[in-house]
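Step one of this worksheet: look at the structure below.
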Amino acid sequence: MLDVKRLRNDFEEVKRKLQKRGENLGDLEKFEDLDKKRRTLIQETEELKQRRNQVSQEVAQLKREKKDADHLIQETKEVSQKIKEIDTELKETEETLQQLLLSIPNIPHDSVPVGEDEEDNEEARKWGDIPVFPFEAKAHWELGTDLGMLEFEKASKVTGSRFVFYKGAGARLERALINFMMELHAEEHGYEEMIPPYMVNRTSMTGTGQLPKFEEDAFGIREEDYFLIPTAEVPVTNFHRDEIVDGTSLPIAYVAYSACFRSEAGSAGRDTRGLIRQHQFNKVELVRFVKPEDSYDELEKITGHAEKVLQLLKLPYRVMNMCTGDLGFTAAKKYDIEVWLPSYNDYKEISSCSNFEDFQARRANIRFKRDSKAKAEHVHTLNGSGLALGRTVAAIMENYQVEDGTIRIPDALRPYMGNKEFIGK
RNA sequence: GGAGAAGUACCCAAGUGGCUGAAGGGGCUCCCCUGCUAAGGGAGUAGGUCGUGUAAGCGGCGCGAGGGUUCAAAUCCCUCCUUCUCCGCCA
């Protein structure tokens, strides 16, 4: 959510920046009228309330003196009626304004390249060498089936499309990666570990920006009005919702493991094979709550933490600075880390690291005080995948495959895999 | 799931219709006392948000949330949420 005061005082500037996103901002123009109407109604009702309060005092005084107060009571009756009418209109206006504010995306940072779609994303850096196979390389879904690591058809039977069973070495690999990543971030990068609830309420989904605009992307639990989390970002960021944290405790950093659930509405036909696009996948997520002046340094830091995982696993990747048209609703700036995937003969997103500035903090009402006497300010929030596990498994399987159909285990992962050297031998 | 009880400021807690933005503790800040620590004495401090104003300020809201009754609600009524206790069920 944007700062109402900024929107009020700097409307054209904000609008100009939002237009870089190339989104339809149809309702934005209604802001000024709604804002003005709201403030007029507030002034009207408050004036009447002040009057009512004064008269109530007088009535109380008269009653105590056992005097007659009927004429004052009559007057206040009418005033109260009027207040009720104005308050009803005010409430409707505020509701409309709130919905409008919740539907406005974040303002892109000045360092974000202007562009329409993924074609215009800029490569920030590249790491590692793309493997060359002197044999016909297999895709991970082939390897997974051949080696008994992944069962797609069983999952289709048991649940439906876009689900998978990890089995044997596949399950072990996934679990090893969870431990590897959690320990790296907790012990080397200073994050506190978390395992969050996998369902959250509507307020939490609104707090991080999944709602109200993107309800069709989430799986909902109707009876409770809960949602399956699409990422641990939602519960972990909302962990501090409606709180004022001590400024000296910033930055607060959590690393959370969770399953993630996405309906993938609108992705029919995309990435239909393998682990790349599932309705349920595991992810280790990094979340940081920081002071506003630090948030862009922090974005570099969190991106580095995610990159470190790929470096230790020796998987080639590149970092993309997402353009204005590909930023997503909530981010002010975002880096996607893309891992090399031989089956795609291309890089594929494996982590997304975003600075939301105060966009989520306003929605979720997360603030801090620099000291006990200071005024509360909104924190800046950031998160980054560190990493998406399914895609990491796919990347390891494909990049580390050997001609005999087995998979070499990356050195860094061997302690977590019973010190084995290969899968399939 | 059933039955009870409770939700008041940073924490504990008093308060059943008007003089309560809210007693009293604790905490916190300052001072005194004290060789140090502990303890003691005194004074002070009460949040947040919205509107308005250059500002000091003024005003509205606020006692879990939302409605209602009333001239007037922390206080009465209704709905919901959360926590606790007991029972049931259960990994």
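Chain letters run A, B, ... following the sequence lines, proteins first, then strands; residues in each count from 1.
- Against the 90° criterion about 0, the sugar-base torsion of B/rG62 places it in the syn range.
- Within the nucleic acid shown, A/Arg51 has no heavy atom closer than 4.0 Å to any nucleic acid atom.
- With 3.5 Å as the limit, one finds a donor-acceptor pair spanning the side chains of A/Gln360 and A/Glu233.
- No contact: A/Leu72 has no heavy atom under 4.0 Å from any strand.
- Defined by atom type and a distance below 3.5 Å, a donor-acceptor pair is missing between the side-chain atoms of A/Glu285 and A/Tyr257.
- Side-chain N/O atoms of A/Arg39 include none lying less than 4.0 angstrom from OP1 or OP2 on B/rC50.
- Side-chain atoms of A/Gln50 and base atoms of B/rG60 include no donor and acceptor less than 3.5 Å apart.
- Rounded to an integer number of Å, the gap from NZ of A/Lys82 to P of B/rG60 is 20 Å.
- Rounded to whole Å, the separation between the P atoms of B/rC10 and B/rA65 comes to 13 Å.
- A residue-by-residue look at A/Ala60 and A/Lys5 shows that A/Ala60 has its nearest nucleotide of RNA chain B further toward the 5' end.
- Computed from coordinates, the A/Glu47 CD to B/rU52 C1' distance equals 11 Å when rounded to whole Å.
- Comparing the same atom, C1', in B/rA22 and in B/rA46 gives a spacing of 11 Å after rounding to whole Å.
- If you measure from atom CG of A/Asn9 to atom C1' of B/rG53, you get 15 Å, rounded to the nearest angstrom.
- Rounded to a whole angstrom, the distance from the P atom of B/rU8 to that of B/rG64 is 6 Å.
- For the residue pair A/Asn282 / A/Glu174, a side-chain donor-acceptor distance below 3.5 Å is found, with atom types taken as modelled.
- Of the residues listed (A/Asp120, A/Asp336, A/Asn121), the one engaging A/Asp326 in a side chain to side chain contact (heavy atoms under 4.5 Å, CB included) is A/Asn121, and it is the only one.
- Between A/Asn53 and the phosphate of B/rG59, there is no side-chain N or O to OP1/OP2 separation shorter than 4.0 Å.
- Looking at A/His240 and A/Glu243, their side chains do bring a donor and an acceptor atom within 3.5 Å of each other.
- The separation between A/Leu48 atom CG and B/rU52 atom C1' is 16 Å, rounded to whole Å.
- For the pair A/Gln43 and B/rU52, the criterion of a side-chain N or O lying under 4.0 Å from OP1 or OP2 is met.
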Atom pairs under 3.5 Å: protein N/O with N/O of nucleotides 64-70 of chain B:
{"residue": "B/rG67", "atom": "OP1", "partner": "A/Lys91", "partner atom": "NZ", "Å": "2.7"}
{"residue": "B/rU69", "atom": "OP2", "partner": "A/Lys84", "partner atom": "NZ", "Å": "3.1"}

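- To the nearest whole angstrom, the two C1' atoms, one in B/rC19 and one in B/rA73, are 16 Å apart.
- Nucleic acid contact for A/Arg202: none, since no nucleic acid atom lies under 4.0 Å from a heavy atom of the residue.
- Inspection of the A/Asp217 and A/Ser263 side chains reveals no N or O donor paired with an N or O acceptor under 3.5 Å.
- Each of A/Gln57 and A/Asp35 has a nearest nucleotide on RNA chain B; the 5'-most of these lies closest to A/Gln57.
- Using a cut-off of 4.0 Å between Lys/Arg side-chain N and Asp/Glu carboxylate O, A/Glu23 and A/Lys213 are scored as salt-bridged.
- Taking atom CG on A/Asn201 and atom P on B/rC80, their separation rounds to 18 Å, with Å as the unit.
- Within the 4.0 Å cut-off from OP1 or OP2 of B/rG48, at least one side-chain nitrogen or oxygen of A/Lys369 is found.
- Here, B/rG17 and B/rC71 have their C1' atoms 12 Å apart, quoted to the whole Å.
- Taken together, the paired segments of RNA chain B that extend over three or more consecutive Watson-Crick or G-U pairs, each closer than 3.5 Å at both contacts, are B:1-7 with B:81-87, B:10-12 with B:24-26, B:27-32 with B:40-45, B:48-52 with B:57-61, B:64-68 with B:76-80.
- Within a 6.0 Å radius of NZ in A/Lys82, no more than 12 heavy atoms belonging to other residues, nucleotides or ligands are found.
- If you measure from atom CG of A/Asp70 to atom P of B/rA72, you get 14 Å, rounded to the nearest angstrom.
- Across B/rU69 and B/rC78, the matching P atoms stand 15 Å from one another, rounded to whole Å.
- Per the geometry, CZ belonging to A/Arg38 stands 13 Å off C1' belonging to B/rU52, to the nearest Å.
- With both ends at atom C1', the span from B/rG88 to B/rG4 equals 15 Å, rounded to whole Å.
- A 6.0 Å sphere centred on CD of A/Glu47 holds no more than 12 heavy atoms belonging to other residues, nucleotides or ligands.
- Counting any heavy atom pair closer than 4.0 Å across all strands shown, A/Thr76 reaches sugar-phosphate atoms only and no base atom.
- Across the protein-nucleic acid pair, A/Ile83 atom CD1 and B/rA73 atom C1' stand 15 Å apart, rounded to whole Å.
- Between A/Phe239 and A/Tyr254, the ring planes lie perpendicular to each other; the angle is over 60°, past the 30° to 60° tilted range.
- Distances shown here put a side-chain N or O of A/Arg367 below 4.0 Å from the OP1 or OP2 atom of B/rU49.
- A distance of about 36 Å separates the C1' atoms of B/rG7 and B/rG40, rounded to the whole Å.
- Under the 30°/60° scheme for interplanar angles, the aromatic rings of A/Tyr191 and A/His189 are found to stand perpendicular.
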Name every donor-acceptor pair, under 3.5 Å, that has one atom in a side chain of residues 417-425 of chain A and the other anywhere in the protein, sequence neighbours excluded.
none

